[in-house]
Enquirer: 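Here it is, the structure in full.
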Amino acid sequence: MSTSRPATTAAEVHPALLQAVALTLRPTVGEPVDVETRVLDVEPYGESGTALVVACPDGLDPDEHHFDASVTWTYPLGRMVCPVSTRPAQRHYGRVWLLRPSAAPTRLQQRTFFRARLAVPVALTWPLPTDEAADDDEADEHATAPTSLLGVAVDLSEGGVLAATQGPVPDPGTRVEATIRIDGDNLAQPARVVRHVRFAGGGVGVAVSFADPTVHGDRIRRAVFETERRRRRPR
């Protein structure tokens with residue numbers, strides 16, 4: 001169960017320049033759309049407001065896809081979320097969205113896992129459905145071999161992984177076996193597809209949550225912490 005409480009004003013708290021953010025778009029018709037993009041600039045608007053300039057992910061036309069939305073990002077105090085309105089615009093580096101906060105951001109108070117951008121191989125495996133017309137005696141004849149999808153982790157924690165992939169991805173809600181390769185070992189565990197993500201630079205990602213984060217939690221957590229320690233060392 002998650003709760004939230006107000007943070008500071010929208011003008012005081014916002015993602016950093018070039019920070020990756022998650023957008024949930026809410027079109028007038030149809031289901032919400034989750035995309036991942038990056039903050040290209042921060043511009044003032046009004047007397048004290050701030051607008052975020054973000055890249056429009058490939059496959060989305062900023063002139064057609066502009067809705068009420070929410071933007072989520074990682075902040076030193078936790079995970080932040082802010083409702084925004086989106087507006088297409090043109091800048092010298094191309095066509096973008098302008099995100100204007102419609103309320104103050106809030107800090108999500110929920111059970112979270114420490115995450116890091118750890119680029120390791122990922123494999124998802126799930127069975128294709130059998131022929132629904134076959135009876136139980138014929139099921140084995142109609143069953144197909146499990147389907148596998150290979151990718152690379154973009155974001156990893158003991159609770160789940162976001163992987164960049166190529167090719168068809170399983171639908172949200174699909175139960176899969178997720179295998180993460182860390183230091184030469186294949187760490188396999190049951191998982192569930194949570195959502196699909198379209199990256200601003202092109203490509204598709206699939207986010208899965210592990211059914212039981214304790215199965216390989218200690219091993220993944222150590223790898224994640226070590227990655228962050230290396231990243232923060234003075235150069």
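Please read all numbers here as calculations on a predicted model, not as lab measurements.
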Enquirer: Going by heavy atoms in the side chains, are Thr50 and His14 under 4.5 Å from each other?
Expert: yes

Enquirer: Ignoring hydrogens and geometry, is there a side-chain-to-backbone donor-acceptor pair from Arg181 to Gly184 under 3.5 Å?
Expert: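 Judged by distance alone, yes, a pair lies under 3.5 Å.
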
Enquirer: Find the distance between CG (Leu52) and CG (Leu98) and round it off to the nearest 0.5 Å.
Expert: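 Answer for the CG-CG pair, Leu52 versus Leu98, is 9.0 Å.
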
Enquirer: Hey, is Arg195 close enough to Glu36 for a salt bridge, meaning N to O under 4.0 Å?
Expert: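 Between Glu36 and Arg195 there is no salt bridge, as every charged N stays at least 4.0 Å from the carboxylate O atoms.
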
Enquirer: Within this structure, what is the CD1-CG distance for the pair Ile180 and Leu156, rounded to the nearest 0.5 Å?
Expert: 6.0 Å

Enquirer: Working to the nearest 0.5 angstrom, can you tell me the gap between Asp34 CG and Leu23 CG?
Expert: 9.0 Å

Enquirer: Checking Thr179 against Asn186 for the side-chain hydrogen bond (donor to acceptor under 3.5 Å, both in side chains) test, could you report, in this order, the C-alpha distance in whole Å, the side-chain angles of both residues, the deciding distance, and whether it holds?
Expert: CA-CA 6 Å; Thr179 302; Asn186 292 328; over 6 Å; no

Enquirer: Please determine whether the number of non-hydrogen atoms from other residues, nucleotides or ligands lying under 6.0 Å from atom CD of Gln166 exceeds 12.
Expert: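 Incorrect, the count does not exceed 12.
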
Enquirer: Could I get the full list of side chain to side chain contact (heavy atoms under 4.5 Å, CB included) partners for Pro170, not counting sequence neighbours?
Expert: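 Here the qualifying residues are Trp126, Leu149, Thr174, Val176, Val193.
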
Enquirer: Apply the test side chain to side chain contact (heavy atoms under 4.5 Å, CB included) to residues Val39 and Trp73: give CA-CA distance (whole Å), side-chain angles for both, the deciding distance (0.1 Å), then the verdict.
Expert: CA-CA 10 Å; Val39 177; Trp73 72 97; over 6 Å; no

Enquirer: Could you tell me whether Arg175 atom CZ has more than 12 heavy atoms of other residues or ligands within 6.0 Å of it?
Expert: no

Enquirer: Here's a test for you: under side-chain hydrogen bond (donor to acceptor under 3.5 Å, both in side chains), which of Arg222, His216, Arg221 qualifies with Asp218?
Expert: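 Output: one option passes, namely Arg221.
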
Enquirer: Is there a donor-acceptor pair under 3.5 Å between the side chain of Thr37 and the backbone N or O of Ala55?
Expert: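 Between the backbone of Ala55 and the side chain of Thr37 there is a qualifying donor-acceptor contact (under 3.5 Å).
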
Enquirer: Sequence neighbours excluded, which residues qualify as side chain to side chain donor-acceptor pair (under 3.5 Å) partners of Asp183?
Expert: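 By the side chain to side chain donor-acceptor pair (under 3.5 Å) rule, Asp183 matches no residue at all.
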
Enquirer: What residues, two or more places apart in sequence or in another chain, satisfy salt bridge (Lys or Arg N to Asp or Glu O under 4.0 Å) together with Asp185?
Expert: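 Partners of Asp185 under the salt bridge (Lys or Arg N to Asp or Glu O under 4.0 Å) test: Arg219.
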
Enquirer: Quick one: pull up SG in Cys56 and CZ in Arg198 and give me the separation to the nearest 0.5 Å.
Expert: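 So the gap between those two atoms works out to 9.0 Å.
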
